[in-house]
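Reading through the structure tokens given below for one structure.
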Amino acid sequence: MSADLAKLGPMLRIWRDRVPPEAVGLPGGRRRRVTGLRREDLAQLAGISVDYVVRLEQGRHETPSAQVTAALARALRLTSAERDHLYRLAGLAPPHGEVPDHLPPGLRRMLDRLGDAAVAVFAADWQLIRWNRSWTALLGDPEATPPALRNFARDTFPAAGAAPGLSRWPVISLDRAALEVSVVSDLRRATGRFPGSERLAGLVRDLTAGNRRFAELWSSGAVGAHREEHKIVRHPVSGPIDVDCDVLTDGEAERKIVVLTPAPPAENERGFRRALAAATDAPPDASPDASPDGSPDGSPDGSREGATRSG
């Protein structure tokens with residue numbers, strides 16, 4: 001990744017000008033000629049020389065080290081998005097640790113309100129994070145699967161003898177080859193985004209060692225995009241249900257929102273409704289995290305969030 005020093009300097013000045021000195025424990029007052037941080041202030045906070053700050057802002061210095069860049073981001077009180085931008089301007093890969101499983105409140109509310117569609121949210125490594133009642137009705141409840149195995153990449157490229165972790169009955173993809181390429185591509189992009197994720201690295205090692213097809217695609221550098229697909233769900237009550245599968249990506253965390261809806265003709269819609277009715281008529285879930293009214297985790301539509309932080 002090449003640095004863009006011509007843009008680095010102006011951005012440092014913009015960020016420096018907007019930070020009130022009082023916000024970082026420095027005295028303010030009328031004597032200051034600038035409303036934000038002076039170069040001397042930034043140098044003190046970042047632990048570098050004033051001359052170094054001047055050269056960075058004037059584009060007269062080689063790219064700063066990762067340590068200096070991190071110190072500048074902290075001193076300037078940058079958001080995560082701004083920090084990543086600073087790293088890229090400095091010609092460095094943004095620092096990312098584990099693949100995040102956290103769901104913002106707005107995304108939770110959206111999931112809760114999409115009761116007429118089967119919806120699930122996956123992390124960047126295709127680890128299942130949360131699903132709604134319609135997802136359970138259509139595919140079965142993932143709760144019975146150990147959290148570490150609730151992973152769509154593991155289902156797509158199973159090790160010998162491994163059972164599916166995300167569906168209780170058969171789900172057939174009508175373009176298996178494209179699906180495989182897109183999942184490998186998603187994981188490859190995730191490794192670039194989260195190079196420090198031990199969970200993601202372990203997943204890639206497991207799939208490479210346990211599935212020959214994954215190993216072939218991974219070594220070939222296959223690239224694709226996972227956006228939409230057509231599947232057939234072999235439901236035990238409703239029979240075959242054709243569904244459209246749309247995949248949306250949520251922001252920099254690379255979360256994936258998967259939405260399954262009945263495809264034309266109307267018979268698929270009727271089959272989907274029968275599956276929902278069958279799930280509603282089933283006995284309440286007796287699992288420990290079920291609320292007294294039978295809705296897992298107490299959410300109105302029965303959406304669930306799985307514990308996915310496993311090795």
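Hydrogens, waters and symmetry mates play no part in the numbers below; they use all other heavy atoms, side chains included. None of the values given here were measured: they were computed from a predicted structure.
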Side-chain heavy-atom pair Arg205, Thr208 within 4.5 angstrom cut-off: no
Side-chain (Ser185) to main-chain (Val181) donor-acceptor, under 3.5 angstrom: no
Smallest separation among heavy atoms of Pro142 and Trp131, with atom names: CD-NE1, 3.4 Å
Side-chain (Arg77) to main-chain (Ala23) donor-acceptor, under 3.5 angstrom: yes
Short side-chain donor-acceptor distance under 3.5 Å, Asp175 and His230: no
Close side-chain approach of Phe272 to Asn268, heavy-atom, < 4.5 Å: no
Single-linkage hydrophobic cluster, 4.5 Å side-chain cutoff, Ile232 and Val258 together: no
Reported CZ-to-CH2 distance for the pair Arg213 and Trp218, which is rounded to 0.5 angstrom: 14.5 Å
Donor-acceptor side-chain pairing of Arg168 and Thr145 below 3.5 angstrom: yes
Closest non-hydrogen atom pair between Asp84 and Pro94, with its separation: OD1-CB, 3.4 Å
Verdict with supporting geometry, Leu200 and Thr191, side chain to side chain contact (heavy atoms under 4.5 Å, CB included): CA-CA 7 Å; Leu200 176 57; Thr191 58; 3.7 Å; yes
Backbone of Pro158 reached by a side-chain donor or acceptor of Asn211 within 3.5 Å: yes
Flag, side chain of Gln127 to backbone of Pro147, donor-acceptor distance under 3.5 Å: yes
Closest heavy-atom pair and its distance - Ala137, Ala279: CB-CB, 3.5 Å
N/O donor-acceptor pair under 3.5 Å between Arg255 side chain and Val121 backbone: no
Carboxylate-amine/guanidinium proximity below 4.0 Å for Lys256 and Asp125: no
Sidechain-backbone polar pair: Ser167 side chain, Pro170 backbone, donor-acceptor under 3.5 Å: no
Backbone of Ala70 reached by a side-chain donor or acceptor of Arg83 within 3.5 Å: no
Nearest non-hydrogen partners of Trp169 and Leu139, listed with the distance: CZ2-C, 3.5 Å
From CD1 (Ile172) to CG (Leu174), nearest 0.5 Å: 8.0 Å
Arg212, CZ atom: more than 12 neighbouring heavy atoms under 6.0 Å: no
Pro195: partners by side chain to side chain contact (heavy atoms under 4.5 Å, CB included), with sequence neighbours left out: His96
Greater than 12 external heavy atoms within 6.0 Å of Arg55's CZ: yes
Throw together a table of side-chain donor-acceptor distances under 3.5 angstrom for residues 259-266, partners on residues two or more places apart or in other chains.
none

Spatial distance of atom OG (Ser238) from atom CZ (Arg273) [nearest 0.5 Å]: 11.5 Å
For the student: nearest non-hydrogen atoms of Phe194 and Ala124, plus distance: CE1-CB, 3.7 Å
Greater than 12 external heavy atoms within 6.0 Å of Glu216's CD: yes
pair Pro64-Leu56: side-chain heavy atoms closer than 4.5 Å: yes
Derivation and outcome, salt bridge (Lys or Arg N to Asp or Glu O under 4.0 Å), residues Arg274 and Glu269: CA-CA 9 Å; Arg274 286 195 296 271; Glu269 176 71 28; over 6 Å; no
Side chain to side chain, Asp244 and Glu228, heavy atoms closer than 4.5 Å: no
Heavy-atom closest pair, residues Ala117 and Asn132: O-ND2, 3.0 Å
Heavy-atom check, side chain of Arg234 versus side chain of Val171, under 4.5 Å: no
ILVMFWY cluster, Leu203 and Leu149 together (side-chain gap under 4.5 Å): no
Backbone N/O of Glu198 and side chain of Glu98: donor-acceptor pair under 3.5 Å: yes
Expected output: side-chain Ser182 to main-chain Leu179 donor-acceptor under 3.5 Å: yes
Inter-residue atom distance Leu103.CG - Arg109.CZ, 0.5 Å rounding: 12.0 Å
Working for side chain to side chain contact (heavy atoms under 4.5 Å, CB included), residues Leu128 and Asn151: CA-CA 6 Å; Leu128 180 62; Asn151 186 288; over 6 Å; no
Short side-chain to backbone donor-acceptor contact, Thr136 and Asp141, under 3.5 Å: no
Verdict with supporting geometry, Asp246 and Ile257, side chain to side chain contact (heavy atoms under 4.5 Å, CB included): CA-CA 8 Å; Asp246 294 288; Ile257 305 165; over 6 Å; no
Under-4.0 Å salt bridge between Lys231 and Glu229: yes
Within 6.0 angstrom of Gln67 CD, more than 12 heavy atoms from elsewhere: no
Path from Val50 to Val68 over hydrophobic side-chain contacts below 4.5 Å: no
hydrophobic_cluster_shared for Ile14 and Leu76, side chain cutoff 4.5 Å: yes
Among Thr156, Asp186, Asp155, the one residue meeting side-chain hydrogen bond (donor to acceptor under 3.5 Å, both in side chains) with Trp126: Asp186
Beyond-backbone contact of Arg154 with Asp206, side-chain heavy atoms, under 4.5 angstrom: yes
Same apolar cluster (I L V M F W Y, side chains within < 4.5 Å links), Leu248/Ile129: yes
Spatial distance of atom CG (Asp51) from atom CZ (Arg39) [nearest 0.5 Å]: 10.5 Å
Heavy-atom side-chain contact between Phe157 and Leu217 under 4.5 Å: yes
Derivation of the salt bridge (Lys or Arg N to Asp or Glu O under 4.0 Å) call for Arg13 and Asp17: CA-CA 6 Å; Arg13 290 193 293 272; Asp17 289 343; over 6 Å; no
Side-chain heavy-atom pair Leu72, Trp15 within 4.5 angstrom cut-off: no
Derivation of the salt bridge (Lys or Arg N to Asp or Glu O under 4.0 Å) call for Arg16 and Asp41: CA-CA 9 Å; Arg16 177 167 60 80; Asp41 299 330; over 6 Å; no
Side chain to side chain contact (heavy atoms under 4.5 Å, CB included) evaluation trace for Phe214 with Leu187: CA-CA 11 Å; Phe214 179 87; Leu187 293 183; 3.9 Å; yes
Salt bridge (charged side-chain N to carboxylate O under 4.0 Å, His left out) against Asp242, all qualifying residues, sequence neighbours excluded: none
